*Asks:* 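Got a structure for you, written out below as structure tokens; questions coming shortly.
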Amino acid sequence: MKTKIKEAKAQIIRHQRIGADSFRLRLRCPEIARLAQPGQFIMLRISEQSDPFLRRPFSFSRVFPPGEKKKMTEEDGILEICYKVVGRGTSLMTRLKEGQQIHILGPLGNGFWAAEGRKQAILIGGGIGIAPLIPWAEKLRRGLGRNRASRNLNEQSAVIVIIGGESREKILGVKEFQKLDMEPLISTEDGSLGIPGMATDLLERELMTRGHASIALYACGPMPMLAKVAQIADQFDLPCQVLLEARMACGMGACLGCAVKVREEDSLKISQPPADAAEEKILFTSAFAGDAIGASSESFVPDVSQPPAFRYARACKEGPVFESREIIWE
Amino acid sequence: MKSADHPKEGPSLAVELGALKLRNPVIAASGTFGYGEEYASLIPLRSLGGIVTKGLSLEPRRGNPPPRLAETPSGMLNAIGLENVGLEKFILEKWPFLRKASCPVIVNIFGNTIEEYAELARRLADVEGIAGLEVNISCPNLKAGGAIFASEPRTVHKVVAKIRRATSSFLMVKLSPNVSDISEIAQAAEAGGADAVSLINTLIGMAIDLKKRTPLLGNITGGLSGPAIKPVGLRMVWQVAQTVHIPIVGMGGIVTAEDALEYLIAGATAVQVGSAHFIDPRAGLKIIDGIQRYLQANNFPDVASLVGSLKIKKDTGQPT
Ligand SMILES: Cc1cc2nc3c(=O)[nH]c(=O)nc-3n(C[C@H](O)[C@H](O)[C@H](O)COP(=O)(O)OP(=O)(O)OC[C@H]3O[C@@H](n4cnc5c(N)ncnc54)[C@H](O)[C@@H]3O)c2cc1C
Ligand SMILES: Cc1cc2nc3c(=O)[nH]c(=O)nc-3n(C[C@H](O)[C@H](O)[C@H](O)COP(=O)(O)O)c2cc1C
Ligand code: FES
């Protein structure tokens, strides 16, 4: 897929606190809004100087592409990102003023895609990880609504949203989903809102009580949560996409800094001994022909305890959305 | 001078690195510009003085476990681990695009043994259109206990001489700052037959996550780049300029035209821009414009007359 990427100035239209340590930036940037897809991200330059040095990656939490109509509306060409303050860069971001211009680079990476033949989607987000799932829910809803095959489907159940967080203050995005006519299921670890426990517990419960033949999962949040979602997806044999975070420098696929450990494509097929390993073995057995008969008879049964063949994928280019089965979770 | 090639009047930016002619002195540095294609949709590659590709080895390399990046004050650490597609795939999949980049493309190479360097040089000599080689000698020499090639003048001489025999291409040797006497190393490269030297590669550093008490990099240590290293790069370029007769390509922390100009004045004939691309993909283009403006404002006829023009009072520059 050839994507267009722009480096552009964006004007801050609104900068708003949305939670204990979370903020939303509303930006006007028609060039990028025109191209942006849910799950894709921007690299935001925090300082015009060179400290902090690197740009920071943030996912789109809303996209309003410029309309085809002649008349521009208020929302045309607008992008939103939500961010949580976790370190130096995001702390500095809280000082950004409405009206100010910032440099952004995007849209970057591959967004979510509709899992083939799946009529229902469960979106599961942990903390700030819910942000990129908002535009995806919106798009899925529109897509599924238009799809003829799903006309009979109960619209309300086509997209299920699960939001998890430590406590009430860490639950984000509820209103946004309600505006889309979706009532998210909520869990908090301290039980201060919704069902006490982890979002993944809620996910398991949903899958047990619901038929899950036609469900696809889409998840974003902290790594341990994503690993658990991936495990659940395996268990129920469901397609599952995860949006992964990795440290990034360029966002363009050039620096190879954002490595994510993924299965080597070939290892997904039946594992065969590599040609040169087989050759080595033959050489070995012929050299020690006298006493190596036993050794050679162990044959080439694939060793399941062997770590799978892997490579590093660039999260900014091949991701940040990955099929959960591709990832080697550690 | 007025000519069809210079529609805009003004000082000429063209420079010569020995036989290699560049239309301007600003080159994209290895490892920060991928294989060119990554940035091609954002900037016109033909505007650059040249591109150096990601370090290439004979065999593909998977690279280091993540995290591979850490931000540091005015800079960054990277521990990519020289991940690359390997020679075969480079020629098959990356070169066809680069060949049409319409700016000189220099291929950065490295090996684990002297023979590997020579083999790479030999095989790349057959590839049409490559403007030259940049030899990264900041890699462990597996046959000599793993110390980096760059740290020992005799080894450097040997590697460079061996590569020189394997190719007639333009040959630039990229020096490591992680050595005790960089001038000695530069002289060894020159004696071995290098057409130019480029410096500096990254400075080895590390960073620690205080909450977890773990290294921030998967590889524990990594290479420091960005504005934080500019004073070191500049000092080394100046030192090397006192000792060798071949052209020098300076780099390390260049973000603005002013940074680049300092390097030129210190004695670099051209510069490379690395990490700056991460904060601004157009950094190289802006630097070219800025150099042009500086030359004009200060009545320099061309960039070459600025190179090495540092004014120094007698009896200064003693050890500090
Ligand atoms: C594709 C992608 C999408 C993201 N979307 C969002 C989002 O919508 N909202 C949000 O709040 N956060 C998002 N993140 C995480 C966000 O980029 C980091 O929280 C942020 O970079 C931290 O910067 P800092 O300076 O405050 O932290 P520091 O720890 O001071 O940053 C130091 C360096 O580490 C990097 N870094 C630190 N934490 C992370 C992390 N979790 N992921 C990637 N890099 C990190 C920084 O970018 C910086 O280079 C996303 C990350 C990626 C990769
Ligand atoms: C992510 C990254 C990857 C790099 N990879 C290579 C490489 O493969 N070969 C090489 O010779 N130098 C490599 N370098 C070093 C740069 O080419 C350059 O020497 C160094 O970064 C200093 O310049 P800068 O401060 O402008 O970035 C790399 C640097 C970075 C930041
Ligand atoms: S961030 Fe540079 S390759 Fe992904």
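Just so we're on the same page: letters track the sequence lines, and every chain starts at 1. Because only heavy atoms are used, hydrogens play no part in the values below, and waters and symmetry mates are left out as well, while side chains stay in. Predicted, not measured: the structure shown is a model, and the values here were computed from it.
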*Asks:* At a heavy-atom separation under 4.5 Å, does A/Ala249 approach chain B through its side chain, its backbone, both, or neither?
*Replies:*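 Both backbone and side chain.
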*Asks:* Look at B/Gly75, B/Ala79, B/Gly226 and state which one has the largest set of heavy-atom pairs under 4.5 Å with chain A.
*Replies:*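 Highest number of pairs under 4.5 Å: B/Gly75.
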*Asks:* B/Leu77 versus chain A, heavy atoms under 4.5 Å apart: side chain, backbone, both or neither?
*Replies:*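 No part of B/Leu77 comes within 4.5 Å of chain A.
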*Asks:* Quick check for you: to the nearest 0.5 Å, what is the distance between B/Leu98 atom CG and B/Ile106 atom CD1?
*Replies:*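 Spacing of CG (B/Leu98) from CD1 (B/Ile106) equals 12.0 Å.
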*Asks:* Does any part of the side chain of A/Ser324, heavy atoms only, come nearer than 4.5 Å to the side chain of A/Val229, both counted from C-beta?
*Replies:*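 With C-beta onward as the side chain, the pair stays apart.
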*Asks:* Going by the rule ring-ring contact (aromatic ring centres under 6.0 Å, His included), which residues pair with A/Phe322 if we only count those two or more places apart in sequence or in a different chain?
*Replies:*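 Testing A/Phe322 for ring-ring contact (aromatic ring centres under 6.0 Å, His included), a comparison that skips the adjacent residues, returns none.
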*Asks:* For A/Met248, is it the side chain, the backbone, both, or neither that has a heavy atom closer than 4.5 Å to a heavy atom of chain B?
*Replies:*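 For A/Met248, backbone heavy atoms alone lie under 4.5 Å from chain B.
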*Asks:* Side chains of B/Met206 and B/Ile220: closer than 4.5 Å at any heavy-atom pair?
*Replies:*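 Yes, close enough: below the 4.5 Å cut-off.
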*Asks:* Measure the spacing between CD1 of B/Ile27 and CG of B/Leu48 and express it to the nearest 0.5 Å.
*Replies:*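 Answer rounded to 0.5 Å: 9.5 Å.
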*Asks:* For the atom pair CD1 (A/Ile128) and CZ (A/Phe23), what is the distance rounded to the nearest 0.5 Å?
*Replies:*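 One finds 10.5 Å between CD1 of A/Ile128 and CZ of A/Phe23.
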*Asks:* With a 4.5 angstrom heavy-atom cut-off, which part of B/Leu69 approaches chain A: side chain, backbone, both or neither?
*Replies:*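 Backbone plus side chain of B/Leu69, per the 4.5 Å heavy-atom cut-off to chain A.
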*Asks:* Would you say B/Leu285 and B/Pro44 make side-chain contact, with heavy atoms under 4.5 Å?
*Replies:*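 Sidechains of B/Pro44 and B/Leu285: in contact.
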*Asks:* If you measure from CD1 on B/Ile254 to CD1 on B/Ile229, what distance do you get to the nearest 0.5 Å?
*Replies:*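 CD1 of B/Ile229 is found 9.5 Å from CD1 of B/Ile254.
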*Asks:* Considering distance alone, list the donor-acceptor pairs between chain A and chain B shorter than 3.5 Å.
*Replies:*
residue: A/Glu7; atom: O; partner: B/Arg282; partner atom: NH2; Å: 3.4
residue: A/Glu7; atom: OE1; partner: B/Arg282; partner atom: NH2; Å: 2.9
residue: A/Asp51; atom: OD1; partner: B/Ser74; partner atom: N; Å: 2.8
residue: A/Phe53; atom: N; partner: B/Glu71; partner atom: OE2; Å: 3.0
residue: A/Leu54; atom: N; partner: B/Glu71; partner atom: OE2; Å: 2.7
residue: A/Arg55; atom: NE; partner: B/Ile279; partner atom: O; Å: 2.9
residue: A/Arg55; atom: NH2; partner: B/Ile279; partner atom: O; Å: 2.9
residue: A/Arg56; atom: NH1; partner: B/Glu71; partner atom: OE2; Å: 3.0
residue: A/Arg56; atom: NH2; partner: B/Glu71; partner atom: OE1; Å: 2.7
residue: A/Arg247; atom: NH1; partner: B/Leu69; partner atom: O; Å: 2.5
residue: A/Arg247; atom: NH1; partner: B/Leu216; partner atom: O; Å: 3.0
residue: A/Leu256; atom: O; partner: B/Arg68; partner atom: NH1; Å: 2.8
residue: A/Phe310; atom: O; partner: B/Arg62; partner atom: NH1; Å: 2.9

